[in-house]
Amino acid sequence: MSSFSTSPGTRDILTPDAARWRKFQDVFASVVEEAGYGLIIPPIFEDLGVFLRLGEATDVVTKEMYDFEDKGGRRVALRPEQTASVCRAFVQHRPTTPWKVWYAGPNFRYEKPQQGRYRQFDQVGLEVLGVEDPYLDAEVIALAAQFYARLGLKEVQLSVNSLGDAGDRQRFTDVLRAYFESHLGELSEDSQVTLTKNPLRVLDSKRREDQAIIANAPRIRDYLSPTAAEHFAAVLAALDAMNIQYVIDDRLVRGLDYYRRTTFEFVSTALQAAHTAIGGGGRYDGLVEELGGPATAGIGFALGLDRTLLACDAENVFPAPNTDVFAFVVDTTGGYEAALVCNQLRMARIGTDRAFDNRSMKAQMKAADRSGAQVAIIIGSNELEAGQAVIRPMNSGEQYSVNRADLLAAIQNEVSKFQSAN
RNA sequence: GUGGGCGUAGCUCAGUUGGUUAGAGCGCCAGGUUGUGGUCCUGGAGGCCGGGGGUUCGAGACCCCUCGUCCACCCCA
């Protein structure tokens, strides 16, 4: 008999990991909603054209798109990221600006899976449309930093750069192309290919033979227009004032073509793997226009959920949450009493679980232990006859009997004892 | 897409130059303890040794193909 398993690059997230995922998204939601951001839930697939605007030279578009034709003959794609969807939504609904939104959910890229990289991967992120103010750039970066701090991460390094305005970027690209072409023979073969498509991305090469040439390459900072330079300086000044540590990385160009002005990236220095970038973002002031909307400033970031959790593991922070089961009912009289007690306690909003199939007391106690419950409620034949129940706090050897009529109150008392102890 | 490592029980892995009925630890189930978990002891269940083909008297071991997985490159979160 044949069986099935998950497709390459996808996997089941089981509890307790899944509970940790949800907690991760909850923490992110609280950080950004307290800053005035509202949740947006775009569709998981969209018209392919939405994503083609990410840049014709980007790998995300040229080789990683999960696109297909639906039964209606429409060319659609599973989203590779959510920024383009948010901009499309902006054009479609024309909300008043500033439009501050956040999101969480899966994205899809057809890549070869490896450590920290999956074909279906989750991100949390935020976007702001309609604001040019450099202090927004600082706010956005600060929120990401605040989120990492809330998780307990300490070994996160922030890199920032400015790619200038569209004109700056073009001028710099030309200069860069000329520079690399004059050193063509010294570049790796891969970089020579990259050069023809997008000279900026050569700066991103990690190949050893390219490093010396890259180190002496022209710097974007020398090609910024006065307004772009002023913008960048204001961002850095705000980061300084907020005491947010950063390094300026001239080579930080990022993979998507739409970035303008401020770009940034968060790297976990606790990770040893190839992929240590746990989050990144930047300005994309032309993207809304590309999608048929009015000229609108935009900025945002996306944080990789998987990688960030890997970083949490490496730093031994942000553990999976505890169970919500407070009481576990052990009933050796057939299970009927457990049904009643569970229902009573759950109606009172006390987390309660039980065993089924009339298993032995030993087995049920073992299940109670594994459930993470604080107390076991034991009902055997003696208790049934006497109209009582035994309450056994799991972390002590003591236990006591109460009348069934007093059971709820007694458990509520255990709840308050537990809460005050924590 | 390119290169390399690895696929043996639910999990982590042993398995000697090919040689009888394929092992351990953990986990699970049961018993010791006919009313008590976390420690301990005993026992049990659970494997077409990823799949297909080949070499051989004989393959979990060797060869080919294939699928999966991990790592690295490319690129990205």
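This structure is a prediction, so every number in the text was calculated from the model and none was measured. Letters go in sequence order (proteins before strands), and every chain restarts at 1. Computed over heavy atoms, backbone and side chain alike; hydrogens, waters and symmetry mates excluded.
Aromatic rings from A:Tyr66 and A:Phe51 are positioned such that their centres are separated by 6.0 Å or more.
No engagement by A:Glu81 is indicated, since no non-hydrogen atom pair under 4.0 Å with the nucleic acid exists. Among the heavy atoms of the strands lying under 4.0 Å from A:Ile278 are primed sugar atoms or P, OP1, OP2 only; no base atom is included. Heavy atoms of A:Ala368 sit nowhere under 4.0 angstrom from any nucleic acid atom. Nucleic acid contact for A:Gln120: none, since no nucleic acid atom lies under 4.0 Å from a heavy atom of the residue.
Here, B:G37 and B:C29 have their C1' atoms 16 Å apart, quoted to the whole Å. A gap of 30 Å separates the C1' atoms of B:C26 and B:U34, to the nearest Å.
Residue A:Asn395 places no side-chain atom within donor-acceptor reach of the base of B:G38, judged by atom type and a 3.5 Å distance cut-off alone. Contact of A:Arg359 with B:C29 (side chain to base): no donor-acceptor pair of N or O atoms is detected under 3.5 Å.
Between A:Gln114 and B:A72 there is a side-chain N or O to OP1 or OP2 distance below 4.0 Å. For B:C71, the OP1/OP2 oxygens have a side-chain nitrogen or oxygen of A:Gln115 closer than 4.0 Å. Note on A:Arg370: a side-chain N or O is less than 4.0 Å away from OP1 or OP2 of B:C28.
Summary of the strand contacts: A:Arg109 and A:Ser5 both lie near RNA chain B, and taking for each the nucleotide with the nearest heavy atom, the more 5' one is attributed to A:Ser5.
With the 3.5 Å cutoff on both pairing distances, Watson-Crick and G-U pairs in RNA chain B assemble into runs of at least 3 at B:1-7 with B:67-73, B:10-13 with B:23-26, B:28-32 with B:40-44, B:50-54 with B:62-66.
Side-chain atoms of A:Lys362 lie closest to B:G32 of the nucleotides B:G32, B:C75, B:C29.
Residue pairs that meet the salt bridge (charged side-chain N to carboxylate O under 4.0 Å, His left out) test with at least one member in residues 212-221 of chain A, sequence neighbours left out, are A:Arg219-A:Asp250, A:Arg221-A:Asp250.
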